[in-house]
Structures are given as structure tokens and as C-alpha cells.
J.: 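Take a look at the following structure, please.
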Amino acid sequence: MSPRTRLWLVAVGGAGVAALLVAACFGLPAFGGDHHPYGDRAVEASLAHRTANTIASVNFDQRAFDTLGELTILFAAVLGCVVLLRQTRDEHRARPEPAEVAPPVRRYALLVLPVALLTGLYVIAHGQLSPGGGFQGGVAAATALHLLYLGADYRALERVRPVGLYEVGDAVAVCAYLVTGVAALLGGAAFLANTLLPHGTFNTLSSGGTVPLLNAAVGMEVACAVVVLLARFLDQAVEIEEESGT
């Protein structure tokens, strides 16, 4: 396919998407209006299942199947990076030398690391109660570990980041999400239906039925996925070199 043909295909596809977006915008409720049918139904369903955070209810209850698709996309991206960025025959690993770190950078990075890690875990654990959840908390927890790379060196990061275990954790988390959906089927409900557990008391950690379970599975998957992704890219930048040394 020639560059000119590709350009025309992109232009036609972009024009189609733009037309759909414009049509959708004209169908939105008026700004400041009081008629929000989707929002009203989402809040009503969230309260019915004792989930204080309506966004978490939408993600892990009302459209949990869509969230599975998003989870699968991330899992596929990690799998692709693991395959594409693996060490090849014409490459070798060169152990990086410890780098000089300015004392203020070291001090504040190591001070913030546990705070950031605990914050990420807190956001995951309270996803059904307050803003945040598995996606946000997983990214925060995973990136917090890499403050050790900034505050110490690459070898220190490797000691707390056994990539193989995080790859297994990534797969286990996706399986946990699927198993929760299959369990609902075995119980006579729809796939991923929020019927397995009692909905609990509103605004408590045990509320929301299966929402906390799915939220925790997503948090684990996202955290492990981000660690694996960053590990592969850092390996390419820091350790893996061509045999010629260039």
C-alpha cells in the first residue's frame, strides 16, 4: 500500500469518527439541564447494591463485562511487550554500575516511597467507597516501587521487583476476574452479575457484593502489568546491549 493510499484511508476513517462524535454531541443533554437518564439509573443501581462510589458500581457491576475487555487489552499489551522486548541471541546483559544520587533526591524518594505505596493500596481497598479504585491504585502502587530506582540504584529496584512473580500475578489477577464471572454463571445468574455475595451495609468495606473482589483483581492486574512493562523497558535502556557493545 502506497503512502498516498494510507493517507486517504486515515483521512476517510478520521472524518467518519469526527462525524460520529459531532452527532453524539448534538444528542447530549443541554448544559446545566436536570435530565440525565443514564446518570440517574447508574446512581439508582449503585445504591441498590450498596456501593457508595457510583463509578466503581458502573465499572465492576453495571458494566463489568466492558471492564473485562479493558483488562484484556492491558494484559495483551503486557504480553506483547514481554515477547517483543525479550533478550535476543545477539544481545547480552551488562550489569549497570551504581549511579551517583544527590542526597536530597535519595532522601525524599525513599521517604515518599512507602507513602505512595500505601496510598495506592488504600485507593484499591476503598475503591467501592471513595474516588479511585483498582486502575488508579494499581498504577500508583506500581510506580511507587520505582522511586527506589531514583533514590538508590537499579540493583536495589531489582531486589524488590522479581519480574517473574509479577508476570504470574498479572495472569492470576485476570483469571480471578474471569472466575468471579463464571461463579455467577454457576449460581444461575448472568456472567459477572453481582449476585454471589451479600451487598452488605452501605459505605463499609464489606459493601457492594462482588464489586470489591473485582476491584481488587483489577488493582492487582494493573499493578503487576505496570511493573512488568516498566521492567522490560528499563532492561532495554539499562542492561541489555548488543554483542558489539553499541
J.: Look at the side chain of Ser206 and the backbone N and O of Gly200, then say whether any donor-acceptor pair between them is shorter than 3.5 Å.
T.: no
J.: From Leu7 CG over to Arg4 CZ, what is the distance, rounded to the nearest 0.5 angstrom?
T.: 8.0 Å
J.: Any idea which heavy atoms bring Gly120 and Ala140 closest together, and the distance?
T.: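 Heavy atoms of Gly120 and Ala140 come nearest at CA-CB, 3.9 Å.
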J.: Should we count CZ of Arg41 as having more than 12 external heavy atoms under 6.0 Å?
T.: no
J.: Closest approach of Val160 and Pro162, non-hydrogen atoms and distance?
T.: C-CD, 3.4 Å
J.: For a quick test of reading the model, state the closest non-hydrogen atom pair linking Ala142 to Ala223 and the distance between them.
T.: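 Smallest interatomic distance, heavy atoms only, reads CB-O, 3.4 Å.
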J.: If only atom types and distance count, is the side chain of Asp61 paired as donor or acceptor with the main-chain N or O of Val211 below 3.5 Å?
T.: no
J.: Evaluate the criterion side chain to side chain contact (heavy atoms under 4.5 Å, CB included) for residue pair Leu68 and Leu178; output intermediate values, then yes/no.
T.: CA-CA 8 Å; Leu68 175 60; Leu178 290 171; 3.7 Å; yes
J.: Could you see if Ile124 belongs to whatever hydrophobic cluster contains Tyr122? Use Ile, Leu, Val, Met, Phe, Trp, Tyr and a side-chain cutoff under 4.5 Å.
T.: no
J.: Is it possible for you to say whether Leu147 and Val163 belong to one hydrophobic cluster, with membership spreading through side-chain heavy-atom contacts below 4.5 Å?
T.: no
J.: Below 4.5 Å, heavy atoms only, C-beta onward: do Leu213 and Leu197 meet side chain to side chain?
T.: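 Yes. Closest side-chain heavy atoms under 4.5 Å.
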J.: Might you point out which heavy atoms bring Thr195 and Ala189 nearest each other, and give the distance in Å?
T.: OG1-CB, 3.4 Å
J.: Is there a donor-acceptor contact under 3.5 Å from the side chain of Arg63 to the main chain of Val58?
T.: no
J.: Test of understanding: clusters of I, L, V, M, F, W, Y form through side-chain heavy atoms closer than 4.5 Å, transitively. Do Phe65 and Leu71 belong to the same one?
T.: yes
J.: Rounded to the nearest 0.5 Å, what separation is found between the OG1 atom of Thr204 and the CZ atom of Phe202?
T.: 9.5 Å
J.: Looking at every heavy atom in both Thr143 and Val226, which two are closest together, and how far apart are they?
T.: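 Answer, listing the atom of Thr143 first, then Val226: CG2-CG1, 4.3 Å.
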J.: Can you confirm whether Tyr154 sits close enough to Leu148 that some side-chain heavy atom of one is under 4.5 Å from a side-chain heavy atom of the other?
T.: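 Counting from C-beta outward, Tyr154 and Leu148 never come under 4.5 Å.
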J.: Strictly distance-based, threshold 3.5 Å: is any side-chain N or O of Asp170 a donor or acceptor partner for the main-chain N or O of Cys224?
T.: no
J.: Taking all atoms of both residues into account, what is the closest heavy-atom pair of Leu157 and Leu145, and its distance?
T.: CD1-O, 3.6 Å
J.: When you group the ILVMFWY residues by side-chain heavy-atom contacts below 4.5 Å and let the links chain together, are Val82 and Leu229 in the same group?
T.: yes
J.: Tyr177 side chain to Ala64 main-chain N or O, any donor-acceptor pair under 3.5 Å?
T.: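 Such a contact is found between Tyr177 side chain and Ala64 backbone.
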J.: Please confirm whether the backbone N or O of Asn194 pairs with a side-chain atom of His199, one donor and one acceptor, at under 3.5 Å?
T.: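 Such a contact is found between His199 side chain and Asn194 backbone.
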J.: With a 3.5 Å distance limit and no angle check, can you tell me whether Gln236 reaches the backbone of Leu85 through a side-chain donor-acceptor pair?
T.: yes
J.: To the nearest 0.5 Å, what is the distance between OG1 (Thr210) and CG (Leu192)?
T.: 7.5 Å
J.: Heavy-atom distance under 4.5 Å between the side chains of Thr201 and Ser207, does that happen here?
T.: no
J.: Is it the case that atom CZ in Phe233 sees more than 12 heavy atoms from other parts of the structure closer than 6.0 Å?
T.: no
J.: To the nearest 0.5 angstrom, please state how far the CD atom of Glu221 sits from the CG atom of Leu214.
T.: 13.0 Å
J.: Between Thr51 and Phe60, does the side chain to side chain contact (heavy atoms under 4.5 Å, CB included) criterion hold? Intermediate values first, please.
T.: CA-CA 10 Å; Thr51 308; Phe60 305 115; over 6 Å; no
J.: Does the Arg50 side chain pair with the main chain of Ala48, one donor and one acceptor, at a distance under 3.5 Å?
T.: yes
J.: Step by step, would you call Leu234 with His146 a side chain to side chain contact (heavy atoms under 4.5 Å, CB included)?
T.: CA-CA 11 Å; Leu234 281 174; His146 293 77; 3.9 Å; yes
J.: Can you tell me how far apart CG (Asn215) and CE (Met220) are? Round to the nearest 0.5 Å.
T.: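 Output value for this atom pair is 13.5 Å.
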J.: Tell me if a side-chain donor or acceptor on Ser46 pairs with a main-chain N or O of Ala42 at a distance below 3.5 Å.
T.: no
J.: Leu230, Val168: one ILVMFWY side-chain cluster at the under-4.5 Å cut-off?
T.: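 No.
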J.: Could you go through the side chain to side chain contact (heavy atoms under 4.5 Å, CB included) check for Val22 and Cys25 one step at a time?
T.: CA-CA 5 Å; Val22 170; Cys25 288; 5.7 Å; no
J.: Once rounded to the nearest 0.5 Å, what's the spacing between atom CG of Leu79 and atom CG of Leu84?
T.: 9.0 Å
J.: Just checking, any donor-acceptor pair under 3.5 angstrom between side chains of Thr54 and Ser57?
T.: no
J.: Would a distance-only check, ignoring hydrogens and angles, find a side-chain to backbone donor-acceptor pair under 3.5 Å from Gln128 to Leu205?
T.: yes
J.: Using side-chain contact (heavy atoms from CB on, under 4.5 Å) as the criterion, point out the one residue from Thr119, Leu118, Leu111, Leu117 that pairs with Val115.
T.: Thr119
